[in-house]
Amino acid sequence: MAAGMDRRTGKAIDEIDHIQQSIGDILSTRIGTRVERRGYGSNLPSRIDDPVDQQFRVHVQYDVAVAIRTWETRVTAERVQLIDYADGKPVFRLNLRRRRDGAPIAITV
C-alpha cells in the first residue's frame, strides 16, 4: 500500500520509503528557510564547515534525533549513527520505531 509520493518521480512509495524521504528532507533543510514553517528543518546544514571530530559526531547525532522527534511524528529515533561524512554530506544509519505499532525500522539517510 502506498503511503506517499516519491518527490523525484511522482510515483507511489511505501511507508518506509516515505519516512526515509521525509527525514532526508527534514535533515537537509536549514531551520528558518521555509516561509510558512520557520522552525522546520534541522541544524545539520549550519554545521557544514565544522571540524569533523568526536564533538562534531555528538552534535550532529543529537541534531538528527531532535529533528526527527520534532518533525517526523510517525517514528521515534532509538539510535542515530553517523557512518560517513564526505563532501559535506553526512550519512546516518537510523534505528527507528514506528509509533503506531512499535515495529522497528532501520534506514540509511
Side-chain angles (χ1 to χ4, degrees):
M1 182 168 108
M5 181 178 68
D6 185 296
R7 69 191 301 176
R8 290 173 192 82
T9 67
K11 294 182 180 179
I13 56 176
D14 67 21
E15 182 181 35
I16 293 174
D17 289 338
H18 194 254
I19 289 169
Q20 185 174 16
Q21 176 179 273
S22 174
I23 290 173
D25 183 68
I26 292 163
L27 298 181
S28 63
T29 302
R30 183 182 300 268
I31 292 173
T33 59
R34 291 273 173 100
V35 175
E36 296 294 323
R37 296 176 91 181
R38 290 288 183 195
Y40 179 84
S42 77
N43 286 324
L44 286 181
S46 66
R47 297 195 185 279
I48 194 164
D49 292 325
D50 290 358
V52 181
D53 55 15
Q54 186 59 34
Q55 184 175 357
F56 173 83
R57 295 178 85 76
V58 170
H59 284 255
V60 297
Q61 289 173 166
Y62 173 79
D63 291 342
V64 169
V66 168
I68 292 170
R69 183 180 66 226
T70 304
W71 295 107
E72 183 46 75
T73 59
R74 294 174 287 184
V75 296
T76 301
E78 293 189 330
R79 183 172 187 213
V80 175
Q81 182 181 13
L82 178 65
I83 58 173
D84 192 22
Y85 189 80
D87 300 323
K89 296 179 183 175
V91 178
F92 296 95
R93 181 174 295 125
L94 305 175
N95 291 70
L96 311 168
R97 190 150 309 266
R98 194 166 40 205
R99 289 185 180 176
R100 173 172 32 104
D101 61 6
I105 300 172
I107 62 172
T108 301
V109 64

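Side-chain atoms are counted along with the backbone in the values below, which use heavy atoms only and exclude waters and symmetry mates.
Smallest separation of non-hydrogen atoms from Arg47 and Tyr85: O-OH, 4.2 Å. The shortest heavy-atom contact between Ala67 and Leu27 is CB-CD2, 4.0 Å. Minimum heavy-atom separation, Gly24 to Ser28: O-OG, 2.9 Å. Of all non-hydrogen atoms in Gln21 and Arg7, the two that sit nearest each other are OE1-N, 2.9 Å. Listed here is the closest heavy atom pair of Arg37 and Trp71: NH2-CZ3, 3.1 Å.
The backbone N or O of Gly41 lies less than 3.5 Å from no partner atom in the side chain of Arg34, so there is not a single donor-acceptor pair. Remark: side-chain polar atoms of Gln20 are not paired, donor with acceptor, to backbone N or O of Val109 under 3.5 angstrom. Within the 3.5 Å criterion, the main-chain N or O of Gly32 finds a donor-acceptor partner in the side chain of Arg38.
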Under the salt bridge (Lys or Arg N to Asp or Glu O under 4.0 Å) criterion, do Glu72 and Arg74 qualify, and how do the steps go?
CA-CA 6 Å; Glu72 183 46 75; Arg74 294 174 287 184; 2.7 Å; yes

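Follow the hydrophobic side-chain contacts under 4.5 Å out from Ile13 and you never reach Ile105; the two are in separate clusters. Note on Ile16 and Val80: same hydrophobic cluster, where clusters join Ile, Leu, Val, Met, Phe, Trp and Tyr whose side-chain heavy atoms are under 4.5 Å apart, directly or indirectly. By the rule that hydrophobic residues join a cluster once side-chain heavy atoms approach within less than 4.5 Å of another member, Ile48 and Phe92 end up as members of one cluster. No continuous path of hydrophobic side-chain contacts links Val52 to Val58 [ILVMFWY only; heavy atoms under 4.5 Å].
Salt-bridge formation is detected for the pair Glu15/Arg98: a Lys NZ or Arg NE/NH1/NH2 atom is positioned less than 4.0 Å from an Asp or Glu carboxylate oxygen.
Heavy atoms of other residues, nucleotides or ligands lying less than 6.0 angstrom from CG of Asp87 number 12 at most. Atom OH of Tyr62 has 12 or fewer neighbouring heavy atoms from other residues, nucleotides or ligands inside a 6.0 Å radius. Residue-environment remark: CZ (Arg93) stays at or below the threshold of 12 foreign heavy atoms within 6.0 Å.
At a threshold of 4.5 Å between non-hydrogen side-chain atoms, the residues Asn43 and Val66 do not count as touching. Side-chain contact between Thr108 and Val91 is present, with at least one heavy-atom pair separated by less than 4.5 Å.
Looking at Arg97 and Thr76, their side chains never bring a donor and an acceptor atom within 3.5 Å of each other.
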